[in-house]
A.B. asks: 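Take this structure, written in structure tokens, and hold onto it; I'll ask about it next.
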Protein chains: 2
Amino acid sequence: MRADAKRNYDRLVEAAREVFREQGYDASLDEVAKRAGVGPGTLYRHFPHRDALLDAIMQSWVQRVDEAVEKTLAFEGPPRDLLLGWFQEYVQLISLHKGGPAKITSAMGDPESPIYHKCQVLRGAHDQVIAALRERNALREDVETLQVIRLVGGVATVADQSELDLAAVRPLLEVVADGLIKA
Amino acid sequence: MRADAKRNYDRLVEAAREVFREQGYDASLDEVAKRAGVGPGTLYRHFPHRDALLDAIMQSWVQRVDEAVEKTLAFEGPPRDLLLGWFQEYVQLISLHKGGPAKITSAMGDPESPIYHKCQVLRGAHDQVIAALRERNALREDVETLQVIRLVGGVATVADQSELDLAAVRPLLEVVADGLIKA
DNA sequence: TGCTAACCGGAGAGTGTCTCCGTATCGTGG
DNA sequence: CCACGATACGGAGACACTCTCCGGTTAGCA
């Protein structure tokens, strides 16, 4: 890759991160190009479609996801609180910009999605947390990872679209957690 | 209202119902106008924005919602099954076309939304079902109607966006119901 | 039948997406 | 150090969608 190409690539990712955070995932891509100081042609050569840009942005997630999992697994309290804590981390992770939760949650179960592979990191994270709870025999037996992801993703999506704050989201997550924890 | 105006109004609503069902709530409004056999100007005079069209479409809901509530309240079995049955009715009601669940769920808590008042019918329906369960002392005390709506709306939204069938949605609703029913 | 308020619908401005291709730049091999 | 080919740049523009404005038309009443 030529030096100028790499420079523009990096600028575009950075600009996209900014614009998406400010205006949501529906923001104009020309705006992204403009802010990166390049023409639209350059943007579309590097990133054939919107999702490719999202994919690049999500690179930096991996580390943060790992940290969140580690923190969760180190938790010593009751299983319900562990699960609840993880849910809150997860909701924050996927709520980086407007439209994110919906995008990610639906990509999670769609191997055709351009960001499917990135989402598998999140799925693996869930697997680890769920496995830890199973070890303590705290979880209902018939639930699958994908179901948990969809439940929490649903809450995050609603929260995103209704612009709910953490205080409003928490009781929703509690209900989900209570429904998952063994009675 | 002049006869020709009413005729066009009705045609537009019917066309919108068709187009939204086929292509989702994001479909082109010019397409709706074309299918109704009128110009875009006529469409936008009758319906200043997309939501106004949705509002008109939702007119026919009221009756169906009432029927669903009645059916639910007549149910004699255990509270969990009553709640689950209602959830399924509700998800079907708001999943008339792609994008519907998200739209409705976020409008539910936003008095500024053009379809807010229509949504209050749905809210009233939830209130009735929840009141019935409270009477049986079957529900957790600290939950509010809006929270229940958001939880089920979240599941419906995810189902809509991931194109899940009823079989995939049911276990998700079960978790929510279990989290709401008194232990 | 004739009048007028109400309605119709197409042209077009504004915005966003995405492509094509002439031009500019990089970086290597001579 | 320079020249040249490969690579990348970016703006013009085709296309799609939303929404408005206004000249022409029509319904319905007197």
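Throughout, a chain's letter reflects where its sequence line sits, starting with A, and its residues are numbered from 1. Heavy atoms only: backbone and side chains are in, while hydrogens, waters and symmetry mates are out.
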A.B. asks: Is the NZ atom of A:K98 crowded by more than 12 outside heavy atoms at less than 6.0 Å?
C.D. replies: yes

A.B. asks: Working to the nearest 0.5 angstrom, can you tell me the gap between B:L146 CG and A:L172 CG?
C.D. replies: 8.5 Å

A.B. asks: Just to be sure I understand the geometry, which residues of residues 10-28 of chain A put a non-hydrogen atom under 4.0 Å away from DNA chain C?
C.D. replies: A:A27, A:S28

A.B. asks: Decide if atom NZ of A:K71 counts as having more than 12 heavy atoms of other residues, nucleotides or ligands within a radius under 6.0 Å.
C.D. replies: no

A.B. asks: Check the distance between D:dG13's P and A:D30's CG and give it to me in whole angstrom.
C.D. replies: 16 Å

A.B. asks: Taking the side chain of B:L29 as heavy atoms from C-beta outward, which of D:dC9, D:dT18, C:dC8 is closest to it?
C.D. replies: D:dT18

A.B. asks: Salt bridge or not for A:R11 and A:E14, using N-O below 4.0 Å?
C.D. replies: no

A.B. asks: Determine whether the side chains of B:T145 and B:D127 contain a donor N or O and an acceptor N or O closer than 3.5 Å.
C.D. replies: yes

A.B. asks: Name all residues meeting the side chain to side chain donor-acceptor pair (under 3.5 Å) criterion together with A:D30; count only those two or more places apart in sequence or in a different chain, and write none if there are none.
C.D. replies: none

A.B. asks: State the CG-CZ distance between B:L164 and A:R150, to the nearest 0.5 angstrom.
C.D. replies: 4.5 Å

A.B. asks: Under 4.0 Å between a side-chain N or O of B:N8 and OP1 or OP2 of C:dC8?
C.D. replies: yes

A.B. asks: What string of B, S and - do you get for nucleotides 24-29 of chain D, 5' to 3', when a contact is any protein heavy atom under 4.0 Å?
C.D. replies: --BSS-

A.B. asks: Roughly how many Å is it from NZ in B:K34 to P in C:dG10, rounded to a whole number?
C.D. replies: 11 Å

A.B. asks: Ring pair (Phe, Tyr, Trp, His ring centres under 6.0 Å) with B:F20: which residues, sequence neighbours excluded?
C.D. replies: B:Y25, B:H97

A.B. asks: Take atom NZ in A:K118; do more than 12 heavy atoms of anything else shown fall under 6.0 Å from it?
C.D. replies: yes

A.B. asks: Residues two or more places apart in sequence or in another chain: which of them pass side chain to side chain contact (heavy atoms under 4.5 Å, CB included) with A:H49?
C.D. replies: A:D51, A:A52, A:P114

A.B. asks: Parallel, tilted or perpendicular for B:W86 and B:H126, by the 30°/60° rule?
C.D. replies: perpendicular

A.B. asks: Under a 4.0 Å heavy-atom cut-off, which of residues 40-51 of chain A touch DNA chain D?
C.D. replies: A:P40, A:G41, A:T42, A:R45, A:H46

A.B. asks: Provide, to the nearest angstrom, the distance between the NZ atom belonging to A:K6 and the P atom belonging to C:dC26.
C.D. replies: 16 Å

